[in-house]
Number of protein chains: 2
Amino acid sequence: MRRNQTEAAVLGALSVQPMTGYALREAIRDVLGHFWSESFGQIYPTLRALVQQGLVTQIPSSSNGRTSFTLTEPGLVRLRELLAESIQDPPPRNGLMLRLYFGRHLGPDACRALIAQTKAQAEGQLAGYQAIRDDILTMADSNQDSPYWLLTLSAGEHTTRALIAWADEALTCLADLTSTESAPTPTSLETPPN
Amino acid sequence: MRRNQTEAAVLGALSVQPMTGYALREAIRDVLGHFWSESFGQIYPTLRALVQQGLVTQIPSSSNGRTSFTLTEPGLVRLRELLAESIQDPPPRNGLMLRLYFGRHLGPDACRALIAQTKAQAEGQLAGYQAIRDDILTMADSNQDSPYWLLTLSAGEHTTRALIAWADEALTCLADLTSTESAPTPTSLETPPN
DNA sequence: CGCTACATGTAAGGTGTTACATGATTCC
DNA sequence: GGAATCATGTAACACCTTACATGTAGCG
């Protein structure tokens, strides 16, 4: 069951503008980074296959060995086909959740550290989203794609904000856990909450 | 760079209670399903390796060929080690976002259908979470793990609710897009919104 | 001239799924 | 007795990353 997802990502990126393989990887990392990823080991073989199928053409730029890849008409048709195929996401694998689910063996403090780290990452990401949003908005008038790009950006913002809200909630829950554990006699009146 | 994540998931699941390989897969699918997954092709070889390392013991149940696997003391130590390792999540690959990013080539209607489908799925998931929450709460008094389980459940609820909120927002954005496209003269007063 | 970034590619190896094969048990 | 479920396993294959190899171009 071939998924051809790399093909779709490459054709899609080239539909925005022609690029070299190197630039393609940079674009996928920097622009689609929140929801997609491809490595060189995928990109170059895929490009060669696409050229052989005539979905993409290679334009040697000046004298160097470097070539830009451009989407052809059949390539655009193929892209539409691939995008219309049913979505088949890889099975979920969230290392943070796995650790928290078995968090009793890890200890409340280690769990809190993991969550705090996640929250900090999420806050950084949120700031990055703002920068991307500004970028898209400045080119919005001349770019037909911008409404769709804002859609995916908004999804990232929503889920990231939800993650931060969850982290705050989780941190207070774990704080309660630690305090009740260090004071194993909940009915005791003498032990003050530190 | 071995990740041993399957090992951690299997040891973790067995730390809750002894099981057969088959039950292990069911438990991982049904209980960790929102954030984890393992297939038979992973579980059985991993179990054999764990037995060889003495991290898990095999208890033949009565006469059948079926055996339950039980976590040993060294196995518990190993589980703690694995959980303490740094998190290395697989690179993101979100098929829905890929399609929406290049949504111009797919068309607004197809995009709306994808989002509506996602929203419906998310709403179903949310109902499922409620059932799981009830299950956990009923056994909360006798189960030391329940606070941690509620943590991961809450994460699922937060992100799922965020997804639904995003979907609603996205659907209205796309509705605007369709109407402005089908009515290329925005200043026209005669064309009624269908 | 050396460092960094740009650029192209390959080979090895790990990870994980799918499909298949096989058989016992349970329930109707 | 037949169907569904429980149960164990393997082999082929798809997918993808990492590390390596190689070379150019621009800049201080």
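Sequence lines set the chain letters: A, B, ... in the order given, protein chains first and strands last, and positions in each chain run from 1.
- Side-chain polar atoms of A/E38 and A/T6 form a donor-acceptor pair below 3.5 angstrom.
- A/L171 is listed as a side-chain neighbour of A/R112, based on a closest heavy-atom distance under 4.5 Å.
- In this structure A/D168 satisfies the side chain to side chain contact (heavy atoms under 4.5 Å, CB included) test together with A/K119, A/I164, sequence neighbours excluded.
- Within the structure, every side-chain polar atom (N or O) of A/T67 is placed at least 4.0 Å from both OP1 and OP2 of C/dA7.
- Proximity of B/T6 to the phosphate of C/dG16: a side-chain N or O atom is located under 4.0 Å from OP1 or OP2.
- The cationic group of B/R93 does not satisfy the cation-pi geometry with A/F35, failing either the under 6.0 Å distance to the six-membered ring centre or the 45° limit from the ring axis.
- Rounding to whole angstrom units, CD1 of residue B/I43 and P of C/dT15 are separated by 16 Å.
- Atom CG of B/N4 is separated from atom C1' of C/dT15 by 12 Å (rounded to the nearest Å).
- For B/E38 and C/dT18, the CD to C1' distance is 15 Å, given to the nearest whole Å.
- In the region residues 18-33 of chain A, proximity to DNA chain C at under 4.0 angstrom, judged on heavy atoms, holds for A/T20, A/G21, A/Y22.
- Annotation: ring pair (Phe, Tyr, Trp, His ring centres under 6.0 Å) contacts of A/W149 (sequence neighbours excluded): B/Y101.
- Between B/F69 and the options B/I59, B/V51, B/L55, a side chain to side chain contact (heavy atoms under 4.5 Å, CB included) holds for only B/V51.
- Residue A/L47 contributes atom CG, which lies 12 Å from atom P of C/dT10 at whole-angstrom precision.
- Taking 4.0 angstrom as the limit, B/S39 places none of its side-chain polar atoms (N or O) nearer than this to OP1 or OP2 of C/dA19.
- Positionally, the nearest nucleotide of DNA chain D for B/F69 lies more toward the 5' end than for the other of A/Q42 and B/F69.
- In terms of position along DNA chain D, the nucleotide closest to B/F40 lies nearer the 5' end than the nucleotide closest to the other residue of the pair B/R93 and B/F40.
- Regarding A/E7, its CD atom lies at a distance of 14 Å from the C1' atom of D/dC15, rounded to whole Å.
- C/dA11 atom C1' lies 16 Å from atom OH of A/Y44, rounded to whole Å.
- Using a 4.0 Å heavy-atom distance criterion, A/P91 is classed as a sugar-phosphate-only contact.
- B/L137 has its side chain within reach of B/L150: a pair of non-hydrogen atoms, C-beta onward, lies under 4.5 Å apart.
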